[in-house]
Asks: 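Once you've had a glance at the structure underneath, I'll fire off some questions.
In what follows, chains are A, B, ... by sequence order, proteins preceding strands, each numbered from 1.
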Protein chains: 2
Amino acid sequence: MSTAIENFVKAIYKNGKRDNNDTKPGNIAKELGISNAAATDMAKKLSAKDLLHYKKYQELKLTDKGTKMALNVVRKHRLWEALLFKLFDLSLHDIHKEAELLEHQTSDLLANKISAYLGHPKFDPHGDPIPNEHGEITTIDTSIALSQAEEGKTYIISRLMSDDKEFFEFCALNELKYSNTVFVSKQFSNNKMTQILVKNNTILLNQDFSSIIYVNENN
Amino acid sequence: MSTAIENFVKAIYKNGKRDNNDTKPGNIAKELGISNAAATDMAKKLSAKDLLHYKKYQELKLTDKGTKMALNVVRKHRLWEALLFKLFDLSLHDIHKEAELLEHQTSDLLANKISAYLGHPKFDPHGDPIPNEHGEITTIDTSIALSQAEEGKTYIISRLMSDDKEFFEFCALNELKYSNTVFVSKQFSNNKMTQILVKNNTILLNQDFSSIIYVNENN
DNA sequence: ATTAATATTTAAGCTTGCTTAAATATTTTA
DNA sequence: TAAAATATTTAAGCAAGCTTAAATATTAAT
């Protein structure tokens, strides 16, 4: 299956996992940087290949076969992220960009070798779970968005759920990374809530960023 | 530039380096597993892109720009071979196949990181020289084909110049690998020369194989 | 030096993965 | 609930990278 197809099912999969989960062609098109027409077109083709269910004007739903393909690509992406992160001094965003390309040119055999080399990690450097070779994610996600965190408590960052360059640069600058500890205090201005994290410095997070940083309670 | 283009210039480059160097479209086509018509077509397109010189019925000659592109792809291929060989337990042929795909999805930045991680190696696991980031091969090749080696002398294997699966399997079976030592004795039967190498066992090499194994004198 | 064999080129056509423009349906908003 | 805004779909078309078949040129052989 082609890179275009792999990216298409991956986009549907990832969109389905998000909060504002809209898997209509237009949303997938925006994600992939292609026209709506192209997305509708592809949806029909992939329906014929039994990778997704397509009904006019409805959301796109992956079939089992499509979900398996998406998870296989996601697995390869996250394994590459983990490997590149371990071996090379590259920014999280650079690592993401490289993995985005390499994921489509990686045999199952190589993916398994990478996994074994890394000791079969369950998470990548963003805290995203890595599906196993059967496309299963066995880890249970107990994390919550930082925007939902409670005033005065301490949390451990479990996931930076984004591909955005500026977000990663912000995180790098403020030492917001996987497994680091943050103390949450909430700040209100004009009746709108903003947040403050205390680590080394005091960091002000906007609503956008605090909804893509996920944390676990520090027990 | 696309994978198809990168593979095309690479095929011309590698063909030009070989003994029976024929870079006419048909030969390139055979190498790439495409039709002659497709090769002629591509040659015209790449001529328009200033990657090669095309004149009807003549050999294809890479321009400086084309040579640079070929060397950049070759560099990435060989760096991947070296990295995969170091990290994973995979056959030389499997490593070759993976590198063949990854080479087209690798930024110059990542290539440089791989090179640095490996200590800027000058040769890959087959003994093929790795061009530097400017597309230069600075090492001087003093090796000769085993078919040219002298009776009774000892040599060090410097290069296994092939992509062929069966050849690699033969090499693995007989411990013919980069930097190993071989003792050459020649055998004639029916006036045709065959060769015998002594390492652990006695290995009989045919003409084909002894012309793609390169060696240096053991001084 | 012709003829035969082989290689290259041209031509027409196909699939994939996109585009833009126009038609149609859905959703939002007033 | 009807009009306005937005999204989706259809239609036509394009470039890349192939194919096969036929025409033409080159090379080899007698």
Asks: Below the 4.0 Å mark, does D:dA7 have OP1 or OP2 next to a side-chain nitrogen or oxygen of A:K30?
Replies: no
Asks: So what does A:A4 hit on the nucleic acid, given a heavy-atom distance under 4.0 Å: a base, only sugar-phosphate, or nothing?
Replies: sugar-phosphate
Asks: OP1, OP2 of C:dT10 versus side-chain N and O of B:T40: anything below 4.0 Å?
Replies: no
Asks: Does the separation of the ring centres of B:F168 and B:H126 fall below 6.0 angstrom?
Replies: yes
Asks: Name the closest nucleotide to the B:A37 side chain, picking from D:dT20, C:dA21, C:dG17.
Replies: D:dT20
Asks: Can you check whether B:E59's main-chain N or O pairs, donor with acceptor, with B:K24's side chain at less than 3.5 Å?
Replies: no
Asks: Let me know the distance between NZ of B:K55 and P of C:dA7, rounded to the nearest Å.
Replies: 22 Å
Asks: Expressed as a whole number of angstroms, how long is the span from A:K56:NZ to C:dT24:P?
Replies: 11 Å
Asks: CG of B:D41 versus P of D:dT20: gap in Å, rounded?
Replies: 14 Å
Asks: Flag this pair as yes if the NZ/CZ of B:K86 is under 6.0 angstrom from the six-membered ring centre of B:Y117 and inside a 45 degree cone about the axis; otherwise no.
Replies: yes
Asks: Applying a 4.0 Å non-hydrogen cut-off, can you work out what B:Y54 is touching in the nucleic acid: base, sugar-phosphate, or nothing?
Replies: sugar-phosphate
Asks: Can you check the B:L32 CG to D:dG17 P distance for me, whole Å?
Replies: 12 Å
Asks: Start at the 5' end of DNA chain D and walk down; is the nucleotide closest to B:K49 or to B:K24 reached first?
Replies: B:K49
Asks: Rounded to whole Å, please give me the gap between CZ in B:F8 and P in D:dA16.
Replies: 15 Å
Asks: If you check every side-chain atom of B:N36, which of D:dT10, C:dT9, C:dC18 has the closest atom?
Replies: C:dT9
Asks: I want to verify a distance call: between D:dT19, C:dC18, D:dG17, whose nearest atom is closest to the B:I34 side chain?
Replies: D:dT19
Asks: To the side chain of B:Y57, which of D:dG17, C:dT9, C:dT19 is closest?
Replies: C:dT9
Asks: Which nucleotide in the list D:dT8, D:dA16, C:dG17 gets nearest to the side chain of A:I5?
Replies: C:dG17
Asks: Between P on C:dA7 and CD on B:Q58, what's the gap in Å once rounded to a whole number?
Replies: 17 Å
Asks: Considering just the side-chain nitrogens and oxygens of A:S35, establish if one lies under 4.0 Å of OP1 or OP2 belonging to C:dT19.
Replies: yes
Asks: Expressed as a whole number of angstroms, how long is the span from A:E59:CD to D:dA7:C1'?
Replies: 13 Å
Asks: Any chance the side chains of B:E81 and B:H96 put a donor and an acceptor closer than 3.5 Å?
Replies: yes
Asks: Rounded off to whole Å, could you give me the CD1-to-C1' distance for the B:I28 and C:dT8 pair?
Replies: 14 Å
Asks: By nearest atom, which of the nucleotides C:dT8, C:dC18, D:dG17 is closest to the B:K45 side chain?
Replies: D:dG17
Asks: Between A:E31 and A:K10, is the closest basic N to carboxylate O distance under 4.0 Å?
Replies: no
